[in-house]
Amino acid sequence: MTRVVDPESSYQRIYAIVRKIPPGRVATYGQIADLAGLAGHARQVGYAMAALPTHGAVPWHRVINAQGRISMRRSGPGDSIVQQQLLEREGVRFDGGGRVSLATFRWRKRRRG
DNA sequence: CCACTGACGAGTG
DNA sequence: GCACTCGCCAGTG
C-alpha cells in the first residue's frame, strides 16, 4: 500500500486506543498517535477527538496534551472545565496551573509487568 | 490547486 | 516556565 494508513481507519484506530485508557489515568495526543501507528501525527489525534460527541462511548476527557494541560475545544473553555471535572472525579489531581502530573497519572500500556 | 485553520509536539531563546 | 517557530496532515472556501 502506498498509504501507511487509511483516513477512516485511523480515526477508528485512535478511538479504540482511547477507549483502552483506564479511569484515573490520562494519555497525551502524541502517545495515542504512537499507539495507533501514527507516530509524529499527534495533530491527527486531536482532529479525531474534535469529531467526538461530548457524551459518547469514547473517554475523550482522558486525552490531554504533552504539557499535561487540557486543550481548548472550539468556541470556549466550557468543555475544558467539564473535562477537568470528569478527570478529578476519577482521581486525577490538577495543580494550581490546571496541570496534571504526567509522571504520576500518565497511562502506561504495560511496563515490564 | 492555493491559503487558512485546527483538542499537537519538539526545539530554541 | 513561557513565547515563538517549524513540521504534520485533513477539512473547508
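Computed from a prediction, not measured in an experiment: that's the story for all the values here. Per chain, numbering begins at 1; letters A, B, ... match sequence-line order. Worth knowing before you read on, the calculation uses all heavy atoms, side chains too, and leaves out hydrogens, waters and symmetry mates.
Across the protein-nucleic acid pair, Arg43(A) atom CZ and dA10(B) atom P stand 14 Å apart, rounded to whole Å. To the nearest angstrom, C1' of dG7(C) lies 19 Å from OH of Tyr29(A). For the pair Gln67(A) CD and dC2(C) C1', the computed distance is 9 Å after rounding to whole Å. Distance, Ile32(A) CD1 to dC8(C) C1': 18 Å, rounded to whole Å. Whole-Å rounding puts the Ile64(A) CD1 to dG9(B) C1' distance at 14 Å. Ile81(A) has its CD1 atom 15 Å from the C1' atom of dA7(B), to the nearest Å. Distance, Asn65(A) CG to dG6(B) P: 17 Å, rounded to whole Å. When the C1' atom of dA10(C) is taken as reference, atom CE of Met49(A) falls 15 Å away, rounded to whole Å.
Nearest nucleotide to the Gln44(A) side chain, out of dA7(B), dG6(B), dA10(C): dA10(C). Checked against dA7(B), dG9(B), dG6(B), the side chain of Tyr47(A) finds its nearest nucleotide in dG6(B). Checking dA10(C), dA7(B), dG7(C) against the side-chain heavy atoms of Tyr11(A) singles out dA10(C) as nearest. Considering only the side chain of Arg99(A), dG1(C) comes nearest among dA7(B), dG1(C), dA10(C).
dA7(B) and dG13(C) have their C1' atoms separated by 23 Å, given to the nearest Å.
With hydrogens and angles ignored, the 3.5 Å screen pairs a side-chain donor or acceptor of Asn65(A) with a backbone N or O of Gly68(A). For Tyr29(A) (side chain) and Tyr47(A) (main-chain N/O), no donor-acceptor pair under 3.5 Å exists by modelled atom type. Remark: side-chain polar atoms of Arg62(A) are paired, donor with acceptor, to backbone N or O of Ile21(A) under 3.5 angstrom. Formation of a donor-acceptor pair under 3.5 Å by the Gln31(A) side chain with backbone atoms of Val63(A) is not found in this model.
Between Thr54(A) and Arg73(A), some side-chain heavy-atom pair lies under the 4.5 Å cut-off.
Side-chain nitrogen and oxygen atoms of His41(A) include at least one within less than 4.0 Å of the OP1 or OP2 phosphate oxygen of dC9(C). The side chain of Arg69(A) places an N or O atom within less than 4.0 Å of a non-bridging phosphate oxygen (OP1 or OP2) of dC2(C).
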